[in-house]
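All of these numbers come straight from a predicted model, not from anything done at the bench.
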Amino acid sequence: EELFVTWGELQGDEDAEKQVQWAELKPKQRAVEKVLFQYNGDVSQLLDVARETIIFKHLADLTQCLSALVDDPDVVVVRVKNSMRGCADAAKTAGFRFVLINVRLHSEAARSLGLQGHVC
């Protein structure tokens with residue numbers, strides 16, 4: 001059984017679709033604040049406008065997903081923030097551990113929408 005599938009492959013499978021919860025876009029107010037106060041008006045530095053979350057039950061599944069992203073020719077991994085490494089301060093996240101990944105898509109679909117330079 002495939003562990004990772006595209007959204008198109010899930011469509012029509014009611015049980016699989018029920019497991020997907022789409023995230024909200026970054027609120028406009030917060031995006032404007034970040035651009036003005038953290039990035040000196042440079043909107044190109046704004047990240048995470050479209051943000052999604054994947055929850056893994058096992059570390060091996062996370063590792064496999066990361067490998068799939070790195071190996072995908074249409075994806076460029078721009079940044080990885082790993083709070084699971086030993087030197088990360090768990091007190092800053094109340095013990096919550098995560099891996100944050102920013103990617104840039106280089107697919108034909110992204111190019112046709114003018115999104116090839118956007119970092120997700």
Between CD1 on residue Ile101 and CG on residue Leu62, distance to nearest 0.5 Å:
7.0 Å

Tell me, with the steps shown, if Val80 and Leu100 meet side chain to side chain contact (heavy atoms under 4.5 Å, CB included).
CA-CA 6 Å; Val80 176; Leu100 180 146; over 6 Å; no

Listed by chain and number, what are the side-chain hydrogen bond (donor to acceptor under 3.5 Å, both in side chains) partners of Ser44, not counting sequence neighbours?
Asp42

Just jot down the side-chain hydrogen bond (donor to acceptor under 3.5 Å, both in side chains) partners of Gln29, sequence neighbours excluded, or say none.
Glu33

Hey, any chance Val99 and Val77 share a hydrophobic cluster, counting ILVMFWY side chains that come within less than 4.5 Å of each other, even indirectly?
yes

Is there a path of hydrophobic side-chain contacts, each under 4.5 Å between heavy atoms of I/L/V/M/F/W/Y residues, joining Tyr39 to Val49?
yes

Apart from Val32 itself, what residues make up its hydrophobic cluster when side-chain heavy atoms of I, L, V, M, F, W and Y under 4.5 Å apart count as a link, directly or indirectly?
Leu36, Phe37

Distance-minimising heavy-atom pair for [X] and [Y]:
X	Y	result
Phe98	Ser83	N-OG, 2.7 Å
His106	Arg111	O-NH1, 2.6 Å
Ala109	Ser112	O-OG, 2.8 Å

Under 3.5 Å, which donor-acceptor pairs do the side chains of residues 66-73 form with other protein atoms, sequence neighbours left out?
unit_1	atom_1	unit_2	atom_2	d
Ser67	OG	Thr63	O	3.2
Asp72	OD1	Asp74	N	2.8

Could I get the full list of salt bridge (Lys or Arg N to Asp or Glu O under 4.0 Å) partners for Glu14, not counting sequence neighbours?
none

Can you find a heavy atom in the side chain of Val75 that is under 4.5 Å from one in the side chain of Leu105?
yes

Residues in side-chain contact (heavy atoms from CB on, under 4.5 Å) contact with Leu47, at least two apart in sequence or another chain
Arg79, Asn102, Val119

Looking at Glu24, I'd like to know if its CD atom is crowded, meaning that more than 12 non-hydrogen atoms belonging to other residues, nucleotides or ligands lie closer than 6.0 Å.
no

